[in-house]
Amino acid sequence: MPAVHHILAVSAAAVLLALATSTHAVEFAAPSFAASKISRDTLVARYDDNLAFKSPYANVPKLAVPLSAHHKAKLLKPAPQLEAGGPAAKFLHGVASGDPLENAVIILTRVTPTAANAPVTVQYQVATDAGFSAIVKQGAVVTSDDVGYSVKVDVQGLTPATTYFYRFTVDDQVSTVGRTKTLVSNTADLASLNMAVVSCSNMPHGYFHAYEAIAKRNDVDFVLALGDYLYEYDLPGYKPVGGAMPASRNPVPAKVISNITDYRMRYAQYKSDPQLQLLHAQKPWIVVWDDHEFADNAWVGGAVNQDDARDGPWGPRKLAGMRAFHENIPIRPSQAVGDEYRVYRSFQIGNLVDLIMLDTRIDGRAEQAKGDRASRQIMGAAQEQWLHSSLTSSKAKWRILGNQVMFATLPEKLFAWELPITADAWVGYPKPRQALLDLLAKNKISNTVMLTGDFHGSVASDIPADGSGKVKANAPAVMTEFVGPSITSASPAQDSAILNGLAKPVLGLANPSAKFIDLYRHGYMFVAVTPAKVRVEYTYVKSVKTLDGGATAVAAVLETASGSNRITTVQ
Ligand SMILES: [Fe+2]
């Protein structure tokens, strides 16, 4: 969702209203330890244990990264030959973990070699203590420029509900220590689960204070990231509001990114941010992409911000965005065969939560505001079938949907014109939207909560079965939705409290079932799940524009009680 759409949204809101009425020096304490010399004698370095070489898909050879000819012979030789050489390398982009399961977790880093074009052997260790006296897993993998020097390992054989520490080494260079945690057993009787929900972090728009605030909490089990981890624009393409940031946060490279080199450079820039590094190091993340990991308002066959003359064809650009995402995000590559771009997936978290992660962006979305609106698809047929069967077969107390674009009611048209901002949301895709609501109503599936990104503003709503903005006696609410604020990206009200005051009532008119609206602040949602309720705390930072603006405050607390499918405002 770009700035121009926000301006359009505010303009449209104003019309409707009239009709109706440096790297900066953030200090943080990373875990410290004495670097120990790890013997490589008993380790075997393998390129095929580095999942980055299977990115994005392990079982779809045509999408696997081909080894370049100049590396292939070397990499396929017995590992000791490789281990004997290899250049020095540094860890400049932090560490990350993600997609935790009850017995496995993905760990990830990226190295920067001192000699160009040479493969690097990287060792990893996983321990139950920060001092690495109790190492439970270790190994070594090879990385190279074929995969942007990414290292991604699926560490398996772990114990459920256990905190682990991990680190990587190349000779005497040691990475930051990461901390992660496995999920509880699928059959565990789980009393509570806490997550921090984030989306839309634009480096040129502000400091990632919300990331640092989450990292410093002790009560967050994992981070749920709903897309727009980065943005593809050059600086003029999505100008900051409320003042420019230091030039060190300007987009790198200084262009609209469109090929694998560009996307890798942009991820490297974001991953140089100390607040982002801190949160990755402290919590496992469960991530899905939205449009800007590719280009603004992407759909399966293109994007609004796709210019063939400037960017080359969409197909290779989309694959470049996909590869860079998988190289830099701690997501487990899909094992699906014949479902080539799949990132939709689910996590069974004890008997409390089935977390269902959607891809409404790349998997099968039809172009916005084009063709027959009544039959437009927002997901591929296979994903929609998977979603419906996931919901009907779920036995958990709660079904939580990790979703990209807003589901709640929005104005569909201004006269005959489909508004760009709403045509991109679920209301622009009425058939799959109503099909989901019908499924929940007909099957009496209760306790479904949708968590949403993309909008850059906070909107908490009851979702009636008929898809309208009003909960009626014959169409009771079947779901609740909590749309989260952006980490930094310019808000619908352009970060302005005054514009927020104007736009809020307009959105309230379009969506009378909204229980909370805030269209100008930045931060995250803290979501606490128990068998009795889902509690959402909208948590905002003081300012994303200043280094000292990181203080947070909870502006609203909303709850959905079990069985109610409605939101109660607590505070
Ligand atoms: Fe965004």
Side-chain angles (χ1 to χ4, degrees), residues 98-105 156 158-162 181-195 197 220-222 224 226 284 286 288 331-332 334-336 339 342-360 379 381-403 407 432-452 462-465 476-482 527-536 559-568:
D99 275 15
L101 302 175
E102 63 174 298
N103 56 8
V105 69
Q156 300 180 341
L158 303 177
T159 303
T162 303
K181 189 180 175 186
T182 47
L183 298 181
V184 297
S185 154
N186 291 347
T187 55
D189 195 12
L190 185 60
S192 69
L193 179 75
N194 296 336
M195 60 189 109
V197 182
V220 170
D221 293 306
F222 59 82
L224 189 68
L226 298 176
I286 295 175
V288 72
I331 180 174
R332 184 171 286 104
S334 171
Q335 297 292 317
D339 200 358
R342 176 171 174 165
V343 292
Y344 61 87
R345 62 206 191 278
S346 62
F347 298 83
Q348 189 178 345
I349 307 175
N351 63 354
L352 186 63
V353 170
D354 280 344
L355 175 63
I356 298 168
M357 301 295 289
L358 303 179
D359 173 12
T360 61
M379 294 175 281
Q383 181 181 180
E384 188 170 29
Q385 188 176 26
W386 167 86
L387 168 61
H388 289 192
S389 71
S390 296
L391 288 165
T392 53
S393 65
S394 170
K395 301 281 190 292
K397 186 73 180 178
W398 295 93
R399 280 140 293 285
I400 294 185
L401 302 176
N403 171 51
F407 195 94
R433 183 171 185 263
Q434 192 56 51
L436 175 56
L437 295 170
D438 289 346
L439 180 94
L440 296 173
K442 283 179 186 165
N443 293 280
K444 295 185 169 44
I445 300 171
S446 197
N447 290 2
T448 303
V449 175
M450 184 174 266
L451 302 175
T452 299
D462 299 334
I463 306 294
V478 292
M479 184 171 79
T480 56
E481 183 192 35
F482 298 90
V527 179
V529 187
T530 66
K533 63 190 177 188
V534 171
R535 175 185 173 95
V536 177
E559 292 181 352
T560 297
S562 178
S564 72
N565 300 316
R566 297 192 187 217
I567 295 170
T568 304

Separation between CD1 of Ile356 and OG1 of Thr448, rounded to the nearest 0.5 Å:
7.5 Å

Contact between Trp398 and Asn447 at the side-chain level, heavy atoms closer than 4.5 Å - yes or no?
yes

Given 3.5 Å as the limit, does a donor-acceptor pair link the side chain of Asp221 with the main chain of Asn194, or not?
yes

Compare every heavy atom of Ile567 with every heavy atom of Glu481, then report the nearest pair and how far apart it is.
O-CD1, 4.2 Å

Check whether Ser389 reaches the backbone of Gln385 with its side chain - one donor and one acceptor, N or O, closer than 3.5 Å.
yes

Answer yes or no: is there a side-chain heavy-atom contact under 4.5 Å between Leu387 and Met379?
yes

Look only at the side chain of Asn403 and the backbone of Met357, and say whether a donor-acceptor pair between them is shorter than 3.5 Å.
no

Do you know which two heavy atoms are closest between Leu355 and Leu224, and how far apart they sit?
CD2-CD1, 3.9 Å

pair Pro100-Val105: side-chain heavy atoms closer than 4.5 Å:
yes

Could you report the tightest heavy-atom contact between Glu102 and Thr182, atom names first, then the distance?
O-CB, 3.8 Å

Step by step, work out the side chain to side chain contact (heavy atoms under 4.5 Å, CB included) result for Met195 and Ile400.
CA-CA 11 Å; Met195 60 189 109; Ile400 294 185; 3.8 Å; yes

Atom pair CD (Glu559) and OG1 (Thr480), whose distance is rounded to the nearest 0.5 Å:
11.5 Å

How many angstroms lie between atom CG of Asn443 and atom NE2 of His388, to the nearest 0.5 angstrom?
10.0 Å

Identify, with sequence neighbours excluded, every residue that meets salt bridge (Lys or Arg N to Asp or Glu O under 4.0 Å) alongside Asp354.
none

Under 3.5 Å side-chain donor-acceptor pair for Asp189 and Asn351:
yes

Kindly determine whether Leu391 and Leu436 satisfy side chain to side chain contact (heavy atoms under 4.5 Å, CB included), including the steps that lead there.
CA-CA 10 Å; Leu391 288 165; Leu436 175 56; 3.5 Å; yes

Looking at every non-hydrogen atom in both residues, tell me the closest pair between Ser446 and Arg399 and how far apart they are.
O-NH2, 2.8 Å

Look up atom CZ in Phe407 and atom CG in Leu401, then write down how far apart they are to the nearest 0.5 Å.
9.0 Å

Output, in order, the C-alpha distance, side-chain angles, deciding distance and verdict of side chain to side chain contact (heavy atoms under 4.5 Å, CB included) for Ser562 and Lys397.
CA-CA 8 Å; Ser562 178; Lys397 186 73 180 178; 3.3 Å; yes

Euclidean distance, Phe482 CZ relative to Arg535 CZ, rounded to 0.5 Å:
11.5 Å

Is it the case that the side chain of Arg332 and the backbone of Asp99 share a donor-acceptor pair, with hydrogens and angles ignored and the cut-off at 3.5 Å?
yes

Heavy-atom check, side chain of Leu352 versus side chain of Pro531, under 4.5 Å:
yes

Closest non-hydrogen atom pair, Leu183 against Gln348:
CD1-O, 4.3 Å

Is any side-chain heavy atom of Phe347 closer than 4.5 Å to one of Val353?
no

Rounded to the nearest 0.5 Å, the CE atom of Met479 sits from the CD1 atom of Ile445 at a distance of 11.5 Å

Can you confirm whether Val527 sits close enough to Val534 that some side-chain heavy atom of one is under 4.5 Å from a side-chain heavy atom of the other?
yes

Note: Ala441 and Ala465 closest approach over all heavy atoms is CB-CB, 4.2 Å

